[in-house]
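See below for the structure under consideration.
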2 protein chains.
Amino acid sequence: MENTGQGLHARVLESLGPEITAGEHSPGTVLRTDELAQRFDVSRTVIREAIRVLESMHLVESRRRVGVTVRPTEEWNVFDPRVIRWRLAGADRPRQLRSLTVLRCAIEPAAAGLAARHATPDQCAALTEHAMGMVATSRGQQLEAYLVHDTAFHRTLLTASGNEMFARLNDVVAAILTGRTHHHVMFTDPDPAAVTLHVQVAEAVRTGDAARAEELTREITVGAMAELDILAP
Amino acid sequence: MENTGQGLHARVLESLGPEITAGEHSPGTVLRTDELAQRFDVSRTVIREAIRVLESMHLVESRRRVGVTVRPTEEWNVFDPRVIRWRLAGADRPRQLRSLTVLRCAIEPAAAGLAARHATPDQCAALTEHAMGMVATSRGQQLEAYLVHDTAFHRTLLTASGNEMFARLNDVVAAILTGRTHHHVMFTDPDPAAVTLHVQVAEAVRTGDAARAEELTREITVGAMAELDILAP
DNA sequence: GTGACACAAACGTCATACTTATTATTCCCG
DNA sequence: CGGGAATAATAAGTATGACGTTTGTGTCAC
């Protein structure tokens with residue numbers, strides 16, 4: 001239960017954060033540090049440190065004499081990994097998943113194009129290796145093993161793009177892929193066409209064909225959007 | 001500009017953050033809270049709150065008995081608005097600007113396509129209005145006025161996409177546009193072709209032509225990359 | 001009704017003592 | 001001489017109480 005034992009402030013954060021992102025405290029609600037200290041049975045010091053982090057995420061705003069007020073959703077730092085995680089774990093998980101998928105579909109083709117230019121031999125090898133792994137595990141209900149290779153493939157692709165911003169989105173893509181397998185209840189084996197596309201992307205990156213890598217990746221992402229009933233762009 | 005005097009912890013943060021992102025403390029360096037408290041002449045409480053925020057940005061890692069160690073660049077939360085701002089203000093501004101531009105060029109076409117589907121009449125009106133403003137200020141060294149309309153145009157476009165993640169990138173795009181005008185020393189008037197493209201994008205969004213809006217916006221972003229000598233994808 | 005003024009509530013800051021985890025050192029035994 | 005266990009040292013983590021600062025609000029006089 002307590003996987004958050006890294007300090008009391010972390011424990012408070014992992015309680016308050018999800019509460020806020022889940023909308024349990026509607027925007028405008030005021031939280032008082034004294035009450036929170038009493039509720040969590042910790043000192044105000046600990047509460048204040050947690051509040052400071054929530055404030056850095058633009059989830060709350062602390063003002064004198066008034067207290068800690070919850071900010072409206074539009075002001076949240078929706079790119080903060082923790083905010084993403086909390087929202088994915090909360091009630092509006094579907095909407096968050098759609099937002100992230102749209103983002104992913106804008107990013108990954110561009111990342112693939114860059115990877116075709118910048119990927120190191122090691123990265124090319126890793127890509128083909130994971131693509132082969134996907135092929136090997138694409139039949140016979142080996143969904144977990146398939147997911148591992150799928151995640152590794154996209155992580156390698158994003159890293160190989162050489163763009164630090166893209167690289168930092170691998171957690172997002174991993175969350176999407178994991179979510180699809182675990183939550184969306186994939187009983188059936190993966191789409192063979194998608195598996196083939198991954199192999200072809202690895203090949204395009206290896207041969208340095210940026211345009212082809214981008215287009216093939218776009219096909220993959222279009223498929224990902226279709227799974228969530230998002231209009232293709 | 002930004003109010004850095006809003007509390008001592010904010011002051012410390014706005015000193016330590018830039019120092020770290022500028023590489024003044026190389027990864028692995030250990031900072032001790034007591035020393036920092038002495039250096040900034042504040043209590044340890046204040047230092048701890050600042051450290052907690054830096055920790056939430058993955059800039060540092062606080063461990064008992066060892067101190068606060070600076071983390072390697074690859075682990076930083078490069079999407080955090082403050083990290084972006086600090087790096088833009090620091091030494092590796094050029095590289096940061098290129099990273100952001102690549103990101104922008106992956107995002108904006110997709111955002112334009114979505115905007116063509118989701119934009120409200122008000123947003124369409126704002127788009128055309130700002131495009132007209134760009135036309136009106138595109139000649140005669142009215143660079144500042146042009147920048148205002150340019151920024152507003154792209155902000156409206158990203159917001160109109162209806163995707164919260166895209167919408168939160170308007171600060172990034174604004175930083176890029178501002179940087180081009182101010183830093184890149186634009187003596188010459190804007191490229192007339194780019195101005196025309198903006199008008200056409202506004203028109204495409206208004207008429208709901210998603211494919212056209214996306215393609216036109218891609219042409220704009222390709223131009224933005226060319227200005228920074230980035231290979232077109 | 002309007003202005004100034006005083007009060008109080010909540011956060012902000014500080015100082016201090018104590019706790020805990022982690023590392024480094026010592027020391028004993030094989 | 002070497003290795004592992006006991007021990008000490010260290011720096012962050014937590015608790016507490018006091019005081020400062022800002023600011024919303026109510027009151028009072030005019």
Side-chain angles (χ1 to χ4, degrees), chain A residues 1-17 19-20 25-72 75-76 82, chain B residues 1-17 19-20 25-72 75-76 82:
Chain A
M1 171 167 159
E2 308 301 322
N3 57 351
T4 339
Q6 220 75 315
L8 289 183
H9 53 293
R11 188 173 68 81
V12 172
L13 196 62
E14 289 295 328
S15 284
L16 271 183
E19 284 179 16
I20 295 172
H25 309 282
S26 55
T29 307
V30 292
L31 309 169
R32 260 102 49 164
T33 53
D34 284 327
E35 291 181 4
L36 292 173
Q38 195 168 1
R39 172 185 157 195
F40 288 101
D41 194 37
V42 295
S43 70
R44 294 191 306 282
T45 311
V46 170
I47 296 295
R48 285 182 51 72
E49 287 175 14
I51 292 295
R52 205 76 326 127
V53 175
L54 292 173
E55 197 176 42
S56 90
M57 301 174 177
H58 279 69
L59 292 185
V60 303
E61 182 184 12
S62 181
R63 292 178 56 198
R64 274 174 159 146
R65 159 69 190 185
V66 60
V68 178
T69 66
V70 178
R71 303 180 80 152
E75 300 179 7
W76 295 354
R82 246 169 312 199
Chain B
M1 206 159 149
E2 192 91 14
N3 45 2
T4 60
Q6 232 50 327
L8 290 184
H9 51 284
R11 189 172 67 78
V12 173
L13 195 63
E14 290 295 328
S15 284
L16 270 183
E19 283 178 16
I20 294 173
H25 309 281
S26 54
T29 307
V30 292
L31 310 169
R32 259 93 50 139
T33 54
D34 284 321
E35 290 182 5
L36 292 173
Q38 196 169 359
R39 172 184 158 195
F40 288 102
D41 195 36
V42 295
S43 71
R44 226 169 49 116
T45 310
V46 170
I47 296 295
R48 285 182 50 73
E49 288 175 14
I51 292 295
R52 202 90 309 135
V53 175
L54 291 174
E55 199 176 39
S56 90
M57 300 173 178
H58 280 70
L59 292 185
V60 303
E61 181 183 12
S62 182
R63 291 179 55 200
R64 275 180 157 144
R65 158 70 187 184
V66 58
V68 178
T69 65
V70 178
R71 304 180 79 152
E75 300 178 8
W76 295 355
R82 248 169 311 198

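Below, read A as the first sequence line, B as the second, and so on, with proteins coming before strands; counting in each chain starts at 1. Keep in mind that what you see is a predicted model, and the values were worked out from it rather than measured.
Distance CD (A:Q6) to P (D:dA12): 16 Å, rounded to an integer number of Å. Taking atom CD of A:Q38 as the reference point, atom P of D:dA15 lies 14 Å away to the nearest angstrom. To the nearest angstrom, C1' of D:dA12 lies 12 Å from CZ of B:R63.
Read 5' to 3', the first and last nucleotides of DNA chain C with an atom closer than 4.0 Å to a heavy atom of chain A are C:dA8 to C:dT13.
Evaluation of the side chain to side chain donor-acceptor pair (under 3.5 Å) test over residues 28-38 of chain B, restricted to residues two or more places apart or in two chains, returns B:S26-B:T29, B:R32-B:E35.
Formation of a donor-acceptor pair under 3.5 Å by the A:W76 side chain with backbone atoms of A:R71 is found in this model. Without hydrogens or angle criteria, B:E55 side chain to B:S62 main chain gives a donor-acceptor distance under 3.5 Å.
To the nearest 0.5 Å, atom CD of residue B:Q6 and atom CZ of residue B:R11 are 13.5 Å apart. Note that CZ of A:R52 is 13.5 Å distant from CE of A:M57, once rounded to the nearest 0.5 Å.
By the side-chain contact (heavy atoms from CB on, under 4.5 Å) test, A:A37 pairs with A:R44, A:I47, sequence neighbours left out. Taking the side chain to side chain donor-acceptor pair (under 3.5 Å) definition, one finds that A:R39 meets it with A:E19, sequence neighbours left out. Checked against side chain to side chain donor-acceptor pair (under 3.5 Å), A:R82 has no partners two or more places apart in sequence or in another chain.
Within residues 40-62 of chain A, the residues having any heavy atom closer than 4.0 Å to DNA chain C are, in order of number, A:R48, A:R52, A:S62.
Nearer the 5' end of DNA chain D, as judged by each residue's closest nucleotide, is the contact made by A:H9, out of A:R64 and A:H9.
Comparing atom distances between the A:L8 side chain and each of D:dT22, D:dA12, D:dA15 picks out D:dA15 as nearest.
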